[in-house]
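This report refers to the structure that appears directly beneath it.
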4 protein chains.
Amino acid sequence: MRLFSEAGFHATPTSRIAKLSGVATGTLFHHFASKEALINELYIYVKRRLREVLRHELDAALDFCTQLLRLWCVDVRWFLGHYDEFIFMRQYCDSHLIDARTKELLYQDFEPFIELFRAAIISGLLKNDHLEFVLSHYVANVQHCTFYMYQFPDALSDARLLHFFEIYYGGIAIQPTKENDQ
Amino acid sequence: MRLFSEAGFHATPTSRIAKLSGVATGTLFHHFASKEALINELYIYVKRRLREVLRHELDAALDFCTQLLRLWCVDVRWFLGHYDEFIFMRQYCDSHLIDARTKELLYQDFEPFIELFRAAIISGLLKNDHLEFVLSHYVANVQHCTFYMYQFPDALSDARLLHFFEIYYGGIAIQPTKENDQ
Amino acid sequence: MRLFSEAGFHATPTSRIAKLSGVATGTLFHHFASKEALINELYIYVKRRLREVLRHELDAALDFCTQLLRLWCVDVRWFLGHYDEFIFMRQYCDSHLIDARTKELLYQDFEPFIELFRAAIISGLLKNDHLEFVLSHYVANVQHCTFYMYQFPDALSDARLLHFFEIYYGGIAIQPTKENDQ
Amino acid sequence: MRLFSEAGFHATPTSRIAKLSGVATGTLFHHFASKEALINELYIYVKRRLREVLRHELDAALDFCTQLLRLWCVDVRWFLGHYDEFIFMRQYCDSHLIDARTKELLYQDFEPFIELFRAAIISGLLKNDHLEFVLSHYVANVQHCTFYMYQFPDALSDARLLHFFEIYYGGIAIQPTKENDQ
DNA sequence: CATGAATGAGGATTCATTCAT
DNA sequence: TATGAATGAATCCTCATTCAT
């Protein structure tokens, strides 16, 4: 994880992965068919850890905006606390190294979150009603927020996260957040 | 350009660059000190071409929102018409491969555009008053817009570009665009 | 060894070293960090083999002249029997390719022999009393003797070796060899 | 000259030779058929310059020992004043890079000096009567003397040169120098 | 005659992967 | 199952030499 995010896939020899992991090079290839297989499994592993963290924020009893704000906060916080993972995902989410099967697998894993956005579109809460746009727009802005907060670290207050969320949400929502009662 | 954006820096042998360029391998190294030097000069070249295109949109006679909209449209349109360049810049703008000297050089080149945002902050037009945030937020959203429009190509109408701009600008501006008469 | 002495360091591709050694190119670099490291280790290896051969000739019970004659004979004979090693050492003993650490290491290894000369100087046996001169003068004349005897091979008789030793020793010693009863 | 002696033939690119010479790479190949041809001509050039310097020391009116001492002094002094040339010659005199034709040519050039030694042998002045031995023995000791004096520079007095000559000559001559009246 | 860009074969080194132990 | 030495194809880069200007 650390090596791939710091140096990149091709600049990271399997020998260094093995050394850092405290195993022999050969051992790596007992557990993973190839370097490509390794990065794919790693990618799946990271996204699933993230999903576990986010899962608890979904609460059908709450309205869309509140749930989304909670997701946003947990998302950004987790990435800030796992910056290697952040760089890693940012780097490989569109890469050819992650194969179609892996992407498909993960798309299904995140179905509950996708469903949240789908419902919001149906309820007419958003300016744009194309699911793909809304999803990628959310991801892009979470990534930007994380990147910025990492570059310019400050008190990691709820207030700052809320401020960035408002900028994001104020753009996409028809009715901006009126009551910031979190 | 095409090779780096498609396969990445490390997965692109200099021999393939040479062959595609119709020159010998040695010729490459006659013009560029190393593969790293090549990608740096390429990066500078692309950003400068983009700057030339954007430069004409700056017009001190117009208000901030109008100028920004014009930049947004030209930016996205140019990237859609030069998608290899888009992928390339997206991939390397934060990479270690682009060295500090190159980044510094380009930061200076884009000073006029940075100035535009600086003035807007001073005029109190934006919700966030940190220049670095505002700049990277613009870039992130232009990139997302481009990426999305490329994935889901449609009529490249002014209306769509304006719609995405409103989502972006509606988030960051205190006073959303009132009159969209462009 | 053979390749370096015949063609020289730069004119010997690692691929040829590997082929002649019956291993793959990669294997070479598994055992030696670089071509430079290889030649350094080779140099150390050769000098240590020579030292092992010479070591048995030191005998504190004998006088300086006798010990030196024995060293001279074994030295020249070993070089004549290992002419690749001779050419190799002659070529690289002053080369930049052999790094300072290697030279320092070997200087220590040959301390017993150096001690022999040091004692002779203290005993006032030699015309010149600078250790560095005496050592390098011995080496230069052993090398010349070897080189000449290789160029003009003849019966490798003790008599010839003794004759050349007398020419060498007659120059440096205050009291030339009186009794050549070895 | 400087480049070949400092870095060696293979480690000296023709481009660097050209740059240091203040000409273009192509120009080099107008004057010399190849890099090998260049080093051969350079070798000839150096040896001929040395010969010119030594020539004046030959004086048939003087006895062998005196002439040889004069040659020795001028030889060592010239090399100390032209150390690049010294390293160069030392490095390439036995190299495959200097072809047989060049060596033959120079052997003829040095005929007058060879003649000096030939006469001394016939006159029975030397312990060894093989011309090749006597010549190479002289060269080896001049080289050693030069090398040592360069390593341990001191006042370049006539006395020191004479001291080293006596060590050399005391070995090879049947009748050592009796009167050091130079 | 001088130039220096272009050439492409050649060389040192790396690294994913294999396999005998 | 774990190991790590061995492999050799692949890669970046160098450099002697050519040749059009």
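Bear in mind the structure is a predicted one, so any value in this text is a computation, not a measurement. All chains are named by letter (A, B, ...) in the order of the sequence lines, taking the proteins before the strands, and each is independently numbered beginning at 1.
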Item to check | Rounded interatomic separation in angstrom, taking CD1 from A:I17 and P from E:dT14 | outcome: 17 Å
Item to check | For atom NZ of C:K35 and atom P of E:dA12, their distance in whole Å | outcome: 4 Å
Next on the checklist: From NZ of A:K19 over to P of F:dA2, roughly how many Å is that when rounded to an integer?
Outcome noted: 19 Å
Checklist outcome for this item: Heavy-atom nearest nucleotide on DNA chain F taken for A:V23 and for B:H10; more 5' hit belongs to A:V23
Checklist outcome for this item: Whole-Å distance, D:L3 CG to F:dA16 P, equals 12 Å
Item to check | Under 3.5 Å on both distances, the Watson-Crick or G-U partner of E:dA6 | outcome: F:dT17
Item to check | side-chain N/O B:T14 vs F:dT11 OP1/OP2, d < 4.0 Å | outcome: no
Item to check | Candidates E:dT3, F:dT17, F:dC13 - which lies nearest the side chain of D:T27 | outcome: E:dT3
Checklist outcome for this item: Of C:S34 and B:A24, the one whose closest nucleotide on DNA chain E sits nearer the 5' end is B:A24
Checklist outcome for this item: In whole angstroms, the gap separating P of E:dT14 from CG of C:L28 amounts to 12 Å
Checklist entry - Roughly how far, to the nearest 0.5 Å, is CG of A:N40 from CG of A:L105? => result 10.0 Å
Item to check | Straight-line distance of C:R2 CZ to C:I87 CD1, nearest 0.5 Å | outcome: 14.0 Å
Next on the checklist: Taking salt bridge (charged side-chain N to carboxylate O under 4.0 Å, His left out) as the criterion, tell me which of D:R49, D:R48, D:K103 meets it with D:D109.
Outcome noted: D:R48
Checklist outcome for this item: pair_partner(E:dG11), Watson-Crick or wobble, both distances < 3.5 Å, evaluates to F:dC12
Item to check | B:H30 NE2 to E:dG4 C1', straight-line distance once rounded to whole Å | outcome: 6 Å
Next on the checklist: From CG of B:L38 over to C1' of F:dC13, roughly how many Å is that when rounded to an integer?
Outcome noted: 13 Å
Item to check | Euclidean distance, atom CZ of residue D:F9 to atom P of F:dA16 [Å, nearest integer] | outcome: 8 Å
Checklist outcome for this item: When B:T25 and C:G26 are each assigned the nearest nucleotide of DNA chain E, the 5'-most assignment goes to B:T25
Next on the checklist: Mind checking if A:H31 touches a base, just sugar-phosphate, or nothing, with heavy atoms under 4.0 Å?
Outcome noted: sugar-phosphate
Checklist entry - When rounded to the nearest 0.5 angstrom, what distance separates OG1 in C:T146 from CZ in C:F79? => result 6.0 Å
Checklist entry - Charged N to carboxylate O below 4.0 Å: is that the case for D:R55 and D:E52? => result yes
